[in-house]
Amino acid sequence: MFKESFMLEINNIKKYYGPFLALNNICLKLKPNELVVLLGPNGAGKSTLFSIITGLASADSGECFINGNNVASQSIGALKSLGVVFQQPTIDLELSVKENLLFHARLHGLRVSSLKKIIENELHENGLEKKINNKVRTLSGGERRKVELIRSLLHKPKMLLMDEPTVGLDPGSRAELLKKILYLKNSKNLSVLWTTHLVDEAEKADKIIILNKGKIIAIGSSKEILGFAKENNLEAAFLKLVKEK
Ligand code: ADP
Ligand code: MG
């Protein structure tokens, strides 16, 4: 029988912090080239789930596979397929844009000589070509996020994880980042899992997963979520579902 392959497969994940159950039996599948938004209020468990997907924390039960590799027991294979932008910036403010990018490339064992042109092109596409030798400290929040996004894709991952990437950005930078993510999905065949607590960011996703208090309370397209909540806009549907549970 044909077995469908998933970029990400999460089966029955539970995570406790002491007696507190932060993730309650999470199951989630992401297909190649799918854009999924994990939508949940603050404290829902989004970052906890990301720390398990990236292998930074271990689950108390359940399994997580990236491109068929178990994150816990085959971490090198799993992480090779993954690009990550964390909720908190993880970029060195005292290094230049170029130094940050090249350091990351070296960490991944990439040949730096072959990447110089790619980095220049990417910075150009993002309007950052003049800032290549500037310290990251001198960049705006939106520019720093763009550098983090470029960095996360240098090793050509098949899947991109972004944890609340638009938090703290002004509306223009936020719109630009959203556009860029859609472009990446469509042009580079990436799977994207992206968390947010902002409902309008979820509208263009192939699939929305609503997480509340550690539990998935709805999964579907924007249209399906509206039908499920019997509402005609996503904001109202989200608020209703989160309140009901
Ligand atoms: P989100 O990213 O959706 O805002 P988090 O995953 O950061 O949510 O947190 C989920 C819940 O787990 C929250 O109630 C938070 O207070 C709690 N939590 C997160 N990290 C820890 C930790 N290291 N120790 C104890 N509780 C934690
Ligand atoms: Mg978070």
Side-chain angles (χ1 to χ4, degrees), residues 8-30 35-66 71-72 75 78-79 82-91 141-142 144-149 151-152 159-170 173-174 177-178 181 191-205 207-220 222 225 229 234-235 237-245:
L8 175 68
E9 186 171 353
I10 293 177
N11 297 322
N12 307 103
I13 290 277
K14 281 193 179 176
K15 173 72 183 172
Y16 288 90
Y17 292 118
F20 175 69
L21 182 57
L23 292 175
N24 187 355
N25 222 23
I26 300 297
C27 298
L28 187 160
K29 290 187 171 76
L30 201 79
L35 171 61
V36 174
V37 166
L38 186 65
L39 181 65
N42 291 332
K46 304 182 296 297
S47 295
T48 300
L49 187 60
F50 266 41
S51 67
I52 290 168
I53 299 172
T54 50
L56 289 169
S58 51
D60 291 297
S61 60
E63 289 173 321
C64 174
F65 298 89
I66 300 173
V71 172
S75 62
L79 296 182
L82 194 64
V84 190
V85 178
F86 288 105
Q87 183 168 1
Q88 298 298 335
T90 58
I91 196 154
R144 292 179 193 184
R145 279 269 123 153
K146 281 189 201 165
V147 175
E148 284 191 290
L149 180 57
R151 184 183 63 175
S152 74
M159 181 168 73
L160 173 65
L161 294 187
M162 301 187 93
D163 193 2
E164 306 231 26
T166 59
V167 166
L169 301 189
D170 61 68
S173 307
R174 188 159 86 93
L177 190 66
L178 299 184
I181 293 166
S191 305
V192 183
L193 179 64
W194 154 23
T195 78
T196 183
H197 63 274
L198 302 168
V199 177
D200 62 319
E201 293 185 3
E203 265 155 5
K204 294 216 164 65
K207 194 158 80 185
I208 299 169
I209 299 178
I210 302 183
L211 185 72
N212 189 39
K213 296 184 185 155
K215 271 181 110 164
I216 291 179
I217 56 170
I219 298 188
S222 168
I225 302 265
L234 202 53
E235 179 91 37
F238 173 65
L239 293 174
K240 186 172 180 182
L241 292 170
V242 166
K243 205 167 145 196
E244 271 174 7
K245 301 287 159 172

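For clarity, every value in this text was computed on a predicted model and none was experimentally measured. Ligands are counted one by one from 1 in listed order, and the atoms in each one are counted from 1 as well.
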(request) Indicate whether the side chain of Thr90 and that of Arg151 have a donor and an acceptor atom separated by less than 3.5 Å. (result) yes

(message) Any nitrogen or oxygen of Lys46 lying under 3.5 Å from a nitrogen or oxygen in ligand 1? Just yes or no.
(response) yes

(message) To the nearest 0.5 Å, what is the distance between CG on Asp60 and CD1 on Ile52?
(response) 7.5 Å

(request) With rounding to the nearest 0.5 Å, note down the distance linking CG in Leu49 to CG in Leu193. (result) 7.5 Å

(message) Please report, to 10°, the angle around the Mg ion (ligand 2) from atom OE1 (Gln87) across to atom OG (Ser47).
(response) 80°

(request) Could you find the nearest protein heavy atom to atom 5 (P) of ligand 1 and give me its residue, atom name and distance? (result) Thr48 OG1, 3.7 Å

(message) Give me the residue, atom name and distance of the protein heavy atom closest to atom 8 (O) of ligand 1.
(response) Gly45 N, 3.2 Å

(message) Measuring from atom CD1 of Ile26 to atom CD1 of Ile10, what distance do you get when rounded to the nearest 0.5 angstrom?
(response) 8.0 Å

(message) Applying side-chain contact (heavy atoms from CB on, under 4.5 Å) to Asn12 and Ser61, what does each step give before you reach the verdict?
(response) CA-CA 7 Å; Asn12 307 103; Ser61 60; over 6 Å; no

(message) Side chain or backbone, does Gly43 bring an N or O within less than 3.5 Å of an N or O on ligand 1?
(response) yes

(request) Give the residue, atom name and distance (to 0.1 Å) of the protein heavy atom nearest atom 7 (O) of ligand 1. (result) Ser47 CB, 3.8 Å

(request) Could you tell me if any non-hydrogen atom of Pro41 lies under 4.0 Å from any atom of ligand 1? (result) yes

(request) Report, in ascending order of atom number, the atoms of ligand 1 lying under 4.0 Å from any heavy atom of Ala44. (result) 1 (P), 3 (O), 8 (O)

(message) Within ligand 1, which atoms have a heavy atom of Asn42 less than 4.0 Å away?
(response) 4 (O)

(message) Rounded at 0.5 Å granularity, tell me how far CG in Asn24 sits from NZ in Lys14.
(response) 5.5 Å

(request) Compute the shortest N/O to N/O distance between Gln87 and ligand 1 and return yes if it is under 3.5 Å, no if not. (result) no

(request) Answer yes or no for Phe50: is there a heavy-atom contact with ligand 1 below 4.0 Å? (result) no

(request) Might you check, step by step, whether the distance between atom 11 (C) of ligand 1 and some protein heavy atom is under 4.0 Å? (result) yes

(request) Return a yes/no value: protein heavy atom under 4.0 Å from atom 16 (O) of ligand 1? (result) no

(request) May I ask you to decide if Ala229's main-chain N or O and Lys240's side chain share a donor-acceptor pair within less than 3.5 Å? (result) yes

(message) If you apply the rule side-chain contact (heavy atoms from CB on, under 4.5 Å), what do you find for Leu211 with Lys46, and how did you get there?
(response) CA-CA 7 Å; Leu211 185 72; Lys46 304 182 296 297; 4.1 Å; yes

(request) Pick out which of Asn212, Ile208, Leu39 makes a side chain to side chain contact (heavy atoms under 4.5 Å, CB included) with Phe238. (result) Leu39

(message) Using heavy atoms and a 4.0 Å limit, tell me yes or no: is Gly40 in contact with ligand 1?
(response) no

(request) Quick one: pull up CH2 in Trp194 and OG1 in Thr166 and give me the separation to the nearest 0.5 Å. (result) 7.0 Å

(request) Starting from atom 19 (C) of ligand 1, locate the nearest protein heavy atom and write down its residue, its atom name and how far away it is, to 0.1 Å. (result) Tyr17 CE1, 3.4 Å

